[in-house]
Amino acid sequence: MTQTITAEIATQTLTPPQTPARWRVADVVALYELPFNDLLYRAQTVHREHFDPNAVQLSTLLSIKTGGCEEDCAYCPQSVHHETGVKADKLMEVDAVLKAAETAKANGATRFCMGAAWRNPKDRHLEPIKEMIRGVKAMGMETCVTLGMLEAHQASALRDAGLDYYNHNLDTSPEFYGQIISTRTYQDRLDTLEHVRDAGINVCCGGIVGMGESRRERAGLISQLANMEPYPESVPINNLVQVAGTPLTGTEALDPFEFVRTIAVARITMPKAMVRLSAGREQMDEALQALCFAAGANSIFYGDQLLTTSNPQAEADRKLIDRLGMRAEAANGVSAG
Ligand code: SAM
Ligand code: DTB
Ligand code: SF4
């Protein structure tokens, strides 16, 4: 059965499926099963139909509220359920956040993403966060925040402040989800995403691989994302960063080519989305990252720090982009800097 689907997919034309596209899990598995070069060729072809293949967007992350989160996400160093040594801080002051954003912009970032370790923000948190969004936007950078679950009125408030993207990940497939998080449901996440979409904010939604899930479960995540109507404008693909003290420490590392395949499958099923090569780059060598770009990734987190874990040095990233003859550009194709 799988063989038949694989053969069909390998020979079908390279035009993206007609909308509304329904990506069954089996169809996504069949993409994963293509020979590596066929998969990359398809992904690269789709990528070129919608983007400059040599442009990469640089997005800087800042943890505006670190640690002490009451959720029990098994991968996360910021959960109070795990002993990781991350200490709980209060929400940063607006001025300090804007200073960090200025620095990010001066270093060449065109997107600034602010993350808070909350189950959900309280209404009183939204005023300072709106100020942060307005301030970062005024610098000419794209804005993204990730604050946990949102209610409809909170999404509207963020929209009114001019927020470009809200990040809220599905993280994994519905089937594997229960092994990773018990304190909120898959449906809770879908509800938040609906509020974000209804408010008119771009949706940034992806997940993590390398948590011990099967290929079918990775395909299940991609199928969920690709079947959203519309699919997310932005899809971060994280490779698990194993942090001592989290239950996922010691999980067998994912085959690096399986990570590249995940990027390629995300690109093929969500042709116009920004596909973000997110956490886990520090554990990848440069050749592997180059393969991720060839598979259709067009954004990276840029700066020495993710939220609580480290990221490749900015200087090393600039050199890599240069060696590959790529350019740092904003999503709209405008040259950065
Ligand atoms: N608390 C908010 C939430 O969960 O939506 C926002 C911050 S949370 C850290 C954002 C995302 O970071 C998570 O959904 C997860 O995909 C990713 N993440 C967290 N820890 C990670 C790790 N150790 N490795 C890879 N990705 C991770
Ligand atoms: C996303 O999908 N990945 C980013 C961003 N959205 C907020 C977060 C990665 C966090 C990695 C672990 C850490 O540094 O704490
Ligand atoms: Fe909290 Fe987000 Fe970490 Fe889950 S991923 S524990 S919600 S900060």
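Sequential numbering from 1 along the given sequence is applied to the chain's residues. In listed order, ligands and their atoms are each counted from 1. Note that the structure is predicted; figures quoted are calculated from it, not measured.
Side-chain atoms of E71 and Q78 form no donor-acceptor pair, as typed in the model, at a separation below 3.5 Å. Checking Y32 against T262 by side-chain atom types alone, a donor-acceptor pair falls below 3.5 Å. Using a 3.5 Å distance cut-off with no hydrogens or angles, the side chains of Q283 and N239 do not pair a donor with an acceptor. Side-chain atoms of Q187 and D191 form a donor-acceptor pair, as typed in the model, at a separation below 3.5 Å. Side-chain N/O atoms of Q44 and R267 include no donor and acceptor closer than 3.5 Å. A donor-acceptor pair shorter than 3.5 Å can be found between the side chains of S234 and R276. For the residue pair D72/S79, the side-chain donor-acceptor check at 3.5 Å is not satisfied. Judged by distance alone, the side chains of E282 and S310 do bring a donor and an acceptor atom under 3.5 Å apart. No hydrogens or angles considered: nothing links the side chains of Y302 and R111 as a donor-acceptor pair under 3.5 Å.
Proximity of A116 to ligand 1, defined as any heavy-atom pair under 4.0 Å, is confined to the backbone N, CA, C and O atoms. Proximity of N238 to ligand 1, defined as any heavy-atom pair under 4.0 Å, is confined to the side chain (atoms from C-beta onward). By the criterion of a heavy-atom distance under 4.0 Å, the side chain of N167, and not its backbone, is placed next to ligand 2. At a heavy-atom distance under 4.0 Å, no atom of R119 approaches ligand 1. The proximity of R184 to ligand 1, defined as any non-hydrogen pair under 4.0 Å, is limited to the side chain. Counting heavy atoms closer than 4.0 Å to ligand 1, residue T246 contributes nothing at all. Contact annotation: for I208 versus ligand 1, heavy atoms closer than 4.0 Å belong to the side chain alone. Neither the backbone nor the side chain of T309 comes within 4.0 Å of ligand 1, counting heavy atoms alone.
You'll find the side chain of C76 stays beyond 4.5 Å of the side chain of T246, heavy atoms only. Between C292 and V260 the shortest side-chain heavy-atom distance falls below 4.5 Å.
For the pair D38 (side chain) and L34 (backbone), a donor-acceptor distance under 3.5 Å is absent. Listed for the N167 side chain is a donor-acceptor partner under 3.5 Å among the backbone atoms of C204. Under a 3.5 Å cut-off, the side chain of H82 and the backbone N or O of P247 do not form any donor-acceptor pair.
Using a 4.0 Å cut-off between a side-chain N of Lys or Arg and a carboxylate O of Asp or Glu, D27 and R24 qualify as a salt bridge. Taking the charged nitrogens against the carboxylate oxygens, R327 and D52 do have a contact shorter than 4.0 Å, which makes a salt bridge. Taking the charged nitrogens against the carboxylate oxygens, D164 and K137 do have a contact shorter than 4.0 Å, which makes a salt bridge. R281 and D317 are joined by a salt bridge, as a carboxylate oxygen and a charged side-chain nitrogen come within less than 4.0 angstrom of each other.
At the shortest separation from atom 20 (N) of ligand 1 among protein heavy atoms lies Y75 CD1, 3.3 Å. Nearest protein neighbour of atom 7 (S) of ligand 3, counting heavy atoms only, is R184 NH2, 3.1 Å. Residue, atom and distance of the protein heavy atom nearest to atom 12 (C) of ligand 2 are T309 OG1, 3.7 Å. Counting only heavy atoms of the protein, atom 10 (C) of ligand 2 lies nearest to L307 CD1, 4.0 Å. Here the protein heavy atom with the shortest distance to atom 5 (O) of ligand 1 is H168 ND1, 3.6 Å.
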For residues 88-98, which side-chain donor-acceptor pairs fall under 3.5 Å, sequence neighbours excluded?
from : atom 1 : to  : atom 2 : distance (Å)
D89  : OD1    : K87 : NZ     : 3.0

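Two different hydrophobic clusters hold L306 and M284 under the rule that ILVMFWY side chains link at heavy-atom gaps under 4.5 Å.
In summary, the atoms of ligand 2 found under 4.0 Å from a heavy atom of P236, numbered by their order in the structure, are 2 (O). Short contacts between ligand 2 and F301, defined as distances under 4.0 Å to a heavy atom of the residue, involve ligand atoms 3 (N), 4 (C), 5 (C). Listed by number with element, the atoms of ligand 1 under 4.0 angstrom from any heavy atom of W118 are 1 (N). Counting the atoms of ligand 1 from 1 in the order shown, those under 4.0 Å from a heavy atom of L307 are 9 (C). Using a 4.0 Å cut-off to heavy atoms of T308, the atoms of ligand 2 that qualify are 13 (C), 14 (O), 15 (O). Atom numbering of ligand 1 starts at 1 in the shown order; those under 4.0 Å from a heavy atom of N169 are 11 (C), 13 (C), 14 (O), 15 (C), 16 (O). Residue-ligand proximity, T146 to ligand 2, at heavy-atom distances under 4.0 Å covers atoms 7 (C). Contact atoms of ligand 2 toward P77: 15 (O) (distance under 4.0 Å to a heavy atom of the residue).
Considering both main-chain and side-chain atoms, L147 never comes within under 3.5 Å of ligand 1 through any nitrogen or oxygen pair. Residue contacts with ligand 2: Q78 is placed with no nitrogen or oxygen under 3.5 Å of a nitrogen or oxygen of the ligand (distance criterion only).
Taking 2.8 Å as the limit, the number of protein N, O or S atoms around atom 4 (Fe) of ligand 3 is 1.
Taking a 4.0 Å cut-off on heavy atoms, G148 registers as neighbouring ligand 1.
Of the candidates V241, N238, D171, it is N238 that places a heavy atom closest to atom 1 (C) of ligand 2. Taking only non-hydrogen atoms, the option from L61, N120, D171 nearest to atom 15 (C) of ligand 1 is D171.
There is no protein heavy atom closer than 4.0 angstrom to atom 12 (O) of ligand 1. At least one protein heavy atom sits closer than 4.0 Å to atom 23 (N) of ligand 1.
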